[in-house]
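Beneath this line is the structure, given in structure tokens, with notes to follow.
Protein chains get the first letters and strands the later ones, always in sequence-line order, with residue 1 at the start of each.
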Amino acid sequence: MRQSSGYFPTLREIPKEAEAKSHILMLRAGLIRQLAAGLYTYLPVARRALLKIEQIVREEMDAAGAIEILMPTLQPDSLWKESGRWDVMGPELMRLKDRSDRLFVLGPTHEEVVTNLVAGELRSYRDLPKNLYQIQTKFRDEIRPRFGIVRAREFIMKDGYSFDVDEAGAAHSYQRMFDAYKRMFKRMGLTTMPVEADTGAMGGSHSHEFMVPAAIGEAEIVSCPHCGYQTNRELTPSCPIEETAAKQDSIPPIAEVHTPDLKTVEEVAAFLQTTPQQMIKTMVYTANDKPYVILLRGDHTINEAKVARAVGAPIEMASPEMIFQVTRAAVGFAGPVGLRDCEIWADHHVRTIASGVAGANKTDYHICNVVHGRDYQVNRWEDFRCVDPGDLCPKCRAGNLAMSWGIEIGHVFVLGTKYSKALGAYYTDPNGEQKPMVMGCYGIGVSRILAAIIEEHANETGIDWPVSIAPYHVHLLNLSLKNEAVTQTAEQLYTSLLNAGFGVVLDDRDERPGIKFKDSDLFGFPYQIVVGEKSLQNGTVELLIRSTNVKESISPDSCVNRIQEQFQSDMARLAAA
RNA sequence: CGGGGUGUAGCGCAGCCUGGUAGCGCAACUGCUUUGGGAGCAGUGGGCCGGAGGUUCAAAUCCUCUCACCCCGACCA
């Protein structure tokens, strides 16, 4: 492609709406343009990279026995009502009507549609297993689109679905996908961490998220340097405690303290000259219109997912009205002492508090010398807190947990029979019995991968594409259009590189060298060839290998061979194990 | 949804407090000079100051409403 005739709009300045590295670079290097919140146009350079990502996904999916299809984006409401998700999904499910007032959704995912498809056509155990996938634009009306393409409302996803006769078959399908994912991400030059995702709610079945470490990551990853355990912070069980507060008989009775306007644990601890560890954090949630009071140690953070699991229903933080109803106090002064007619649940670690400080259930007052058993009772002890960095690993109980951030680019999941039962995907087994298919689903954020790659492979001056998904392999700079020898050499190189099968952008614009270099750095194609008067006088052109940042002066004639050789070794490095 | 911020030329911004008919840099266009890391000089074009309503002789500026985009939060007890 000649740069003069292509579409390569680069920006000199940082657009004010962008903060994430990948977002800034994608705008500056002319990869994307925003249409509205969470909606982006992919310009040619991004489009080419996406095609390469998709190609790798297809190759590995096909190699793993999956079969590509393409399903509609628009889906009838009936399927979603059958599966029950019409009510479960919130406003992120985009609902709309057609001209005859029929309800539809813009597909955020396709479990319903595939299951409906398969339910009509796969009837025998002989037809299974099957694994169907598609690469398609999805829509989710996200609460807050973020970081450009990382969390967009419209995005490209590979979604795959497996259908097996039983759990064992599903586990096998799952493993094949897991391995295929590892291979494709490696080929794309991405560092991924497979992270255990859901251990409880899905009945202990398998689920992994593939995370790319990144500063702007949305998910907190917990990892144990000792045993290699990796999970989402939200799902990490807290290590059971050994210590309990020693029984003390000498603790004086409860004392009330005036703490005007002091609501947070930190404020109260500072005021009373105690530590957050000695405080009982009291939080009120509601589920099914009933209040649940949860006690935590003051230095701990509540894990709402764990609370919801214990309740067995979605929970919400209580409104100030509800809090007043329960505690007879303003928000910020709740405590476990004297509460009636409500469940009081506590995190295990509250047991370490011998004599605590808590809200007095009276606005602007706290109480000291609060002793469990003496002053208040707990209906249920559970693990309700988020693990913190340095906590003991719940798996090996030897290492200390570390925390990092990551972008989730893939998710593999054993679904079980939820959708097959709801939507009637049954098969006949060898004994003539009707059984629901056991499903798995496998997602990859194709467009998000683009952002993840740039997060991992870029600096402030530009992108540094892994060869396997570089939109173009070579950026060929003609530094002096007016110089015949230079132009002739550049043109010849352009032709021979194209003939050798490389993707090449020839900068044939009538611009100054500085502009060409800056744009070239922004684009960051793996190999840069500079044809200029200076070096051509010595019969050479300059080749920059971006991955090593090494510049070579070589003769124009040897250029194609040199790049071929480099390309092969670069590709070999990315080859899946 | 809550909080904060921003909307003025294609991009980045000033002007707003203290009303008086719109400006800077980059980009674009023309000419000359320049030509290995975002050139110099001279000139040209480009704005419903996000939108609506109001106050006023007069509104980018003050008031009300509204729309859009961005950031933070939704872990606060």
task: Using the P atom as the reference point in each nucleotide, state the distance between B/C24 and B/G47 in Å, no decimals.
output: 15 Å
query: Is the distance from OP1 or OP2 of B/G37 to the nearest side-chain N or O of A/Arg512 less than 4.0 Å?
result: no
task: In whole angstrom, give me the gap between the P atoms of B/G51 and B/A42.
output: 35 Å
field: Distance, P atom - from B/G43 to B/G38, rounded to whole angstrom
entry: 25 Å
query: Between A/His475 and A/Gln3, is any side-chain donor less than 3.5 angstrom from a side-chain acceptor?
result: yes
query: Does the side chain of A/Arg144 get closer than 4.0 angstrom to OP1 or OP2 of B/C72 through an N or O atom?
result: yes
task: Taking atom P in both B/G19 and B/U61, compute the distance separating them and give it to the nearest angstrom.
output: 12 Å
- request: Run the salt-bridge test on A/Lys395 and A/Glu196 with the 4.0 Å N-O cut-off and return the result as yes or no.
  value: yes
task: Keeping the roles fixed (side chain from A/Asn400, backbone from A/Gly390), state whether a donor-acceptor pair exists under 3.5 Å.
output: yes
field: Proximal nucleotide (of B/G7, B/A27, B/C70) relative to the A/Lys16 side chain
entry: B/G7
query: Does NZ or CZ of A/Arg33 come closer than 6.0 Å to the centre of the six-membered ring of A/Tyr40, within 45° of the ring's axis?
result: no
message: If you assign each of A/Glu17 and A/Lys534 to its closest nucleotide in RNA chain B, which residue comes earlier from the 5' end?
response: A/Lys534
- prompt: Per the atom types in the model, does the base of B/G36 pair as donor or acceptor with the side chain of A/Ser480 at under 3.5 Å?
  reply: no
